[in-house]
Visitor: 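My structure is below; once you've seen it, I'll send some questions.
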Amino acid sequence: MARIEIVEGDITRLDVDAIVNAANSSLLGGGGVDGAIHRAAGPELATECRMLHGCKTGEAKITKGYRLKARHVIHTVGPVWQGGQANEPELLARCYRNSLALAEKYALKSVAFPAISTGIYGYPKEPAAEIAVREVRAPAPSLEHVTFCCFDRATADLYRVIIARSASPS
Ligand code: AR6
């Protein structure tokens with residue numbers, strides 16, 4: 001299992017093999033973390049994204065990182081929260097699973113995730129963090145290091161509580 005680390009701050013600053021982008025299905029940029037990643041990576045990122053022809057909710061696609069420190073960006077599209085009865089938990093879990101599968105396919109060792117869907121898309125933070133922690137604990141042979149990049153202290157504390165609560169006794 002990869003080592004899990006929680007950091008507070010801006011995901012665009014991280015020096016990792018890939019940062020994950022909470023994108024929309026057009027992959028052409030937007031607000032929130034998506035806007036920050038496109039700004040920091042430069043216009044070449046949007047040029048490559050245009051060639052990907054979008055991405056469905058729960059799926060993930062990879063590009064280069066351009067001007068970011070991160071070598072790659074894994075773009076995934078989280079579900080819009082609609083009250084919880086529209087398959088949102090499974091779709092969110094697929095974002096993590098498919099992002100991790102891409103990391104594995106490209107033999108990446110370190111990946112950083114934002115709290116996908118919990119901003120503009122309105123997914124409640126606690127159940128979203130529970131899904132994130134559960135999914136990154138699945139075995140992934142090449143991956144050594146997973147970072148949860150939390151934009152604020154409250155989100156970082158939430159991840160710490162969930163990780164402590166779900167730590168397997170040893
Ligand atoms: N670094 C780390 N986390 C961040 C950053 C950052 N620079 N900026 C925001 N967050 P959101 P979503 C946190 O809204 O809910 C875009 O327009 C933020 O506090 O970025 O999946 C896309 O194009 C929150 O906890 O993504 C889509 O249309 C988390 O990142 C839509 O928003 C996710 O918030 C996707 O919405």
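First listed ligand is number 1; within each ligand, the first listed atom is number 1.
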Visitor: With side chain to side chain donor-acceptor pair (under 3.5 Å) as the rule and sequence neighbours excluded, what pairs involving residues 81-95 come up?
Guide: Glu90-Arg94, Glu90-Arg97

Visitor: May I ask you to list the atoms of ligand 1 that are less than 4.0 angstrom from any heavy atom of Ala36?
Guide: 7 (N)

Visitor: Where do Gly84 and Pro89 come nearest, in terms of heavy atoms and distance?
Guide: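 In this case the closest contact between Gly84 and Pro89 is O-CD, 4.2 Å.
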
Visitor: Taking N or O atoms only and a 3.5 Å limit, does Cys149 qualify as a polar contact for ligand 1?
Guide: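 So ligand 1 has no N or O lying under 3.5 Å from an N or O of Cys149.
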
Visitor: For a quick test of reading the model, state the closest non-hydrogen atom pair linking Ala41 to Gly65 and the distance between them.
Guide: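 Smallest interatomic distance, heavy atoms only, reads CB-O, 3.7 Å.
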
Visitor: Using a strict 4.0 Å threshold on nitrogen-to-oxygen distance, state whether Asp17 and Lys109 make a salt bridge.
Guide: no

Visitor: Please list the nearest protein heavy atom to atom 6 (C) of ligand 1 with its residue and the distance rounded to 0.1 Å.
Guide: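 The protein heavy atom lying closest is Phe151 CE1, 3.4 Å.
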
Visitor: As a quick check of understanding, evaluate salt bridge (charged side-chain N to carboxylate O under 4.0 Å, His left out) for Glu8 and Arg153, giving each step before the final call.
Guide: CA-CA 7 Å; Glu8 264 173 66; Arg153 167 70 61 87; 3.1 Å; yes

Visitor: Measure the SG-NE2 distance between Cys95 and His75 for me, rounded to the nearest 0.5 Å.
Guide: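 Cys95 atom SG to His75 atom NE2 measures 13.5 Å (nearest 0.5 Å).
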
Visitor: Ignoring angles and geometry beyond distance, decide whether Asp152 reaches within less than 3.5 Å of ligand 1 through its nitrogen or oxygen atoms.
Guide: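 For ligand 1, there is no N or O atom that lies under 3.5 Å from one belonging to Asp152.
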
Visitor: Going by heavy atoms in the side chains, are Ile74 and Asn21 under 4.5 Å from each other?
Guide: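 The answer is no, as the side chains (C-beta and beyond) never meet within the 4.5 Å cut-off.
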
Visitor: Does a donor on one side chain sit under 3.5 Å from an acceptor on the other, for Thr63 and His72?
Guide: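 On atom types as modelled, these side chains do not qualify, holding no pair under 3.5 Å.
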
Visitor: Anything under 30° is parallel, anything over 60° is perpendicular, the rest tilted; go ahead and classify Phe148 against Tyr96.
Guide: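 Judged by the thresholds at 30° and 60°, the geometry between Phe148 and Tyr96 is perpendicular.
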
Visitor: Salt bridge or not for Glu130 and Arg137, using N-O below 4.0 Å?
Guide: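 Answer for the salt bridge query: no.
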
Visitor: Identify which of Ala115, Ala129, Ala128, Gly9 has a heavy atom lying nearest to atom 33 (C) of ligand 1.
Guide: Ala115

Visitor: Students should be able to answer this: which protein heavy-atom is nearest to atom 15 (O) of ligand 1, and at what distance?
Guide: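 Going atom by atom, the protein heavy atom closest to atom 15 (O) of ligand 1 ends up being Gly119 N, 2.8 Å.
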
Visitor: Looking only at protein heavy atoms, which one is nearest to atom 20 (O) of ligand 1, and what is the separation?
Guide: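 Atom 20 (O) of ligand 1 sits closest to the protein heavy atom Val33 N, 2.7 Å.
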
Visitor: Report the part of Ala22 (side chain from C-beta onward, or backbone N, CA, C, O) that has a heavy atom under 4.0 Å from ligand 1; answer both or neither where that applies.
Guide: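 For Ala22, backbone and side-chain atoms both sit under 4.0 Å from ligand 1.
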
Visitor: What pairs meet the salt bridge (Lys or Arg N to Asp or Glu O under 4.0 Å) rule with one or both residues in residues 35-57, with sequence neighbours excluded?
Guide: Glu44-Arg67

Visitor: Can you tell me the protein heavy atom closest to atom 24 (C) of ligand 1 and the distance?
Guide: Thr118 OG1, 3.5 Å

Visitor: Taking only heavy atoms of Lys125, which atoms of ligand 1 are found under 4.0 Å from at least one of them?
Guide: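 Taking each heavy atom of Lys125 in turn, ligand 1 has 25 (O) under 4.0 Å.
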
Visitor: Has ligand 1 got any nitrogen or oxygen that is less than 3.5 angstrom from a nitrogen or oxygen of Ile116?
Guide: no

Visitor: Among Asp10, Leu92, Leu14, which one puts a heavy atom closest to atom 7 (N) of ligand 1?
Guide: Asp10

Visitor: For atom 21 (O) of ligand 1, find the nearest protein heavy atom and state the residue, atom name and distance (0.1 Å precision).
Guide: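 Atom 21 (O) of ligand 1 sits closest to the protein heavy atom Ser117 N, 2.8 Å.
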
Visitor: Please list the nearest protein heavy atom to atom 14 (O) of ligand 1 with its residue and the distance rounded to 0.1 Å.
Guide: Ile120 N, 2.8 Å

Visitor: Suppose we measure from atom 36 (O) of ligand 1 to each protein heavy atom; which comes out shortest, and what is that distance?
Guide: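 It is Tyr121 CG, 3.4 Å.
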
Visitor: Within the structure, does Thr12 bring an N/O atom to less than 3.5 angstrom of an N/O atom in ligand 1?
Guide: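 In fact, backbone or side chain, Thr12 has no N or O that close.
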
Visitor: If you define the side chain from C-beta out and look only at heavy atoms, does anything of Leu108 sit under 4.5 Å from Ser142?
Guide: no

Visitor: Going by the atom numbers of ligand 1, which of them fall below 4.0 Å from some non-hydrogen atom of Asp34?
Guide: 22 (C), 23 (O)

Visitor: Gly30 heavy atoms, cut-off 4.0 Å: which ligand 1 atoms fall inside?
Guide: 17 (O), 23 (O)

Visitor: Closest non-hydrogen protein atom to atom 17 (O) of ligand 1, residue and atom name please, with distance?
Guide: Gly31 N, 2.7 Å

